[in-house]
Amino acid sequence: MSDGHGPSPEPPSGWASEQPPPYGAPQASPWTAPAGGQQPPSGQQPYEPGPPPQQPYGQMPYPGHGYAPQPQPLRPGIIPLRPLRLGDIFDGTIKLVRSNPKAVLGLSAIAALLAAIPLAVGQAFVFGSVGSVLADPTLAQGGDPAVLDSFIGQYGGTFASYAISFVVVTLLTGVLTRILGRAVFGGKMTAGEAWQASKGRMPALFGVVGLMALVMLAPVAVIAAVVAVLVSTGLTGSSDSVGGLVALFLAVMILYIAYVLFFRTRFAFAPAAVVLEGRGPIDALRRSWRLVTGDFWRVLGILMLTALVVGMVAAVLQVPFVFGGTIIGLIGGGSTATVVVGAILVAIGGTLGAMITYPFEAGVAGLLYADRRMRAEAFDLVLQTAAIEQQRQGWVHASADELWHPSDRP
């Protein structure tokens, strides 16, 4: 054995003359830059430490410990930038309202009030006429004109409310969709900014709503024509025919409900395609049809669940005011004060209910649209890339709205 001062011993017979360094000795790394300032060989670059690479969603191998926890996806705004679950959609809709309360709730309240006013006016006529009849039952026997006023007021107010709702809800949907498109990136918009950004798309949006209304009402016109033919030919006179007609009517109603749900689901994303992608009415309907394909039942289930949830919440807010207004309007004997108070309470109840219904349904439809694009078109990668760049810059630019345009669009 050498003491460290003599010559190194010769390797045993059969060993190579050059041996690797002993265990534990540092070795040169092929990724370190050459000494003396020399450049690496052509075609190779020295390794420079950088941020850890982005890992795909799901569990990742973790040496010695099985699997590491799932990494958190980017969430610069109201939703995580990955395919969404039901909880993500509902939570994102609530965050949409909370992040822009003045714009979302303010515009929704205005739209709901405009639709509730004619309904309340019609109810005022009903309260006045019915209250007079309750106070003096002889008026009903004498053919009092107030009864006709009640009929006209009730159905006329309802028709006017539907007509106004058609306009204001269409406008509101366009504005809320534009706010949602920015909120996905964490940006905010005032009501004025949202209107300026979306007003150019309103004619196309009205075109979409009008085409959808025609599709929904076309079977009604056919059914009405068939009923008119049956009545004119006298086929509804016997008791047997009446029973058959009732069964036929129930079957037709079930088929019509299925028809409405089918097309309502297929065209659910058309407003978002108009506002965010800049498409025309017919192109937007086709775009919605394609996006829903492959996930029809899930989209239908979420839309129906949303309608059920917002209906229950709206009823909780609306019923006390409507019930109280009806009682006050009827027991007042048709006096002006009780009629006015009752109509105001009805208007407040309708406004509160619709103020919740409008933004929640619009938000769920918009986020479902984003989810379908992420699942069908890998749109989450586009959103993630843009979000990283916006975080680097420290703000959300208005050009983020253009990211919703499909890449294959000329």
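The first residue of the sequence shown is numbered 1, and numbering continues consecutively from there. Heavy-atom basis, side chains included; hydrogens, waters and symmetry copies ignored.
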Discussion item. I need the minimum non-hydrogen distance between Leu176 and Ala362, along with the two atoms involved.
Written reply: CD1-CB, 4.1 Å
Item to complete: Determine whether Thr93 and Glu361 make a side-chain contact, defined as any pair of heavy atoms from C-beta on separated by less than 4.5 Å.
Response: no
Discussion item. Using every non-hydrogen atom in the two residues, find where Ala109 and Met355 come nearest and quote the distance to one decimal.
Written reply: CB-SD, 3.4 Å
Worksheet entry | Side-chain heavy-atom pair Leu303, Leu368 within 4.5 angstrom cut-off | yes
Worksheet item: Can you find a pair of side-chain heavy atoms, one from Pro76 and one from Gln391, that are under 4.5 Å apart?
Response: yes
Worksheet item: Do Pro83 and Phe379 have side-chain heavy atoms sitting under 4.5 Å apart?
Response: no
Worksheet item: Roughly how far apart are Phe262 CZ and Leu300 CG, rounded to 0.5 Å?
Response: 10.5 Å
Discussion item. When you measure from the side chain of Trp195 to the backbone of Val175, do you find a donor-acceptor pair of N or O atoms at a distance under 3.5 Å?
Written reply: no
Worksheet entry | Contact summary for Thr306 and Phe90, nearest pair of heavy atoms | OG1-CE1, 3.4 Å
Discussion item. For the OH atom on Tyr259, are there more than 12 heavy atoms of other groups (residues, nucleotides or ligands in this structure) within a distance under 6.0 Å?
Written reply: yes
Item to complete: State whether the side chain of Gln384 and the backbone N or O of Leu81 hold a donor-acceptor pair below 3.5 Å, judged by distance alone.
Response: yes
Worksheet item: Do NZ/NE/NH1/NH2 and the carboxylate oxygens of Asp371 and Arg85 come within less than 4.0 Å?
Response: no
Item to complete: Flag the pair Arg298 and Asp295 as a salt bridge only when some basic side-chain nitrogen lies within less than 4.0 angstrom of an acidic carboxylate oxygen.
Response: yes
Discussion item. For the CZ atom of Arg182 and the CG atom of Leu180, what is their distance to the nearest 0.5 Å?
Written reply: 12.0 Å
In a table with atom names and distances, give each donor-acceptor pair under 3.5 Å that connects a side chain of residues 200-221 to protein atoms at least two apart or in another chain.
| residue | atom | partner | partner atom | Å |
| --- | --- | --- | --- | --- |
| Arg201 | NE | Val274 | O | 3.0 |
| Arg201 | NH2 | Arg279 | O | 2.5 |

Worksheet item: Quick one: do Arg75 and Asp91 make a salt bridge, cutoff under 4.0 Å?
Response: yes
Discussion item. With a 4.5 Å cut-off on side-chain heavy atoms, are Asp88 and Pro80 touching?
Written reply: yes
Item to complete: Taking the side chain as every heavy atom from C-beta outward, state whether Thr385 and Glu389 have any atom pair closer than 4.5 Å.
Response: no
Worksheet item: Would Val275 and Thr173 count as a side chain to side chain contact (heavy atoms under 4.5 Å, CB included) if you check the C-alpha gap in whole Å, the side-chain angles of each, and the deciding distance to 0.1 Å?
Response: CA-CA 9 Å; Val275 176; Thr173 300; over 6 Å; no
Worksheet item: Do Tyr369 and Trp404 have side-chain heavy atoms sitting under 4.5 Å apart?
Response: yes
Worksheet item: Checking side chain to side chain contact (heavy atoms under 4.5 Å, CB included) for the pair Arg266/Phe296: CA distance, chi angles, key distance, verdict?
Response: CA-CA 8 Å; Arg266 281 292 185 176; Phe296 173 84; 4.1 Å; yes
Worksheet item: Is the side chain of Ser288 donor-acceptor paired with the backbone N or O of Ala284 at a distance under 3.5 Å, no angle test?
Response: no
Worksheet item: Rounded to the nearest 0.5 Å, how far apart are CG of Leu113 and CD1 of Ile164?
Response: 10.0 Å
Worksheet item: So which heavy atom on Leu345 is nearest to which on Ile328, and how close?
Response: CD1-CD1, 3.8 Å
Item to complete: Give a yes or no on whether Leu305 atom CG has more than 12 heavy-atom contacts from other residues, nucleotides or ligands under 6.0 Å away.
Response: yes
Worksheet item: CD1/Ile254 to CZ/Phe249 distance, rounded to the nearest 0.5 angstrom?
Response: 10.5 Å
Fill in: Closest contact, heavy atoms only, Leu317 versus Leu352
CD1-O, 4.1 Å
Fill in: CD1-CD1 distance between Ile89 and Ile79, expressed to the nearest 0.5 angstrom
8.5 Å
Fill in: Residues Arg287, Glu377: salt bridge by 4.0 Å N-O rule
yes
Practice prompt. Let me see the working for Arg98 and Val104 under side chain to side chain contact (heavy atoms under 4.5 Å, CB included), right down to the final yes or no.
Written response: CA-CA 9 Å; Arg98 295 179 59 185; Val104 175; over 6 Å; no
Worksheet item: Which atoms form the tightest heavy-atom contact between Pro320 and Ala315, and what is the distance?
Response: CD-O, 4.1 Å
Worksheet item: Are the side chains of Arg373 and Glu277 in touch, meaning some heavy atoms are under 4.5 Å apart?
Response: yes
Worksheet, complete the sentence: So CH2 of Trp297 and CD1 of Ile302: to nearest 0.5 Å the spacing works out to 14.0 Å
Discussion item. Are Phe269 and Trp289, when compared by the centres of their aromatic rings, separated by less than 6.0 Å?
Written reply: no
Worksheet entry | Residue pair Ser108, Phe360: steps toward the side chain to side chain contact (heavy atoms under 4.5 Å, CB included) verdict | CA-CA 10 Å; Ser108 299; Phe360 204 87; over 6 Å; no
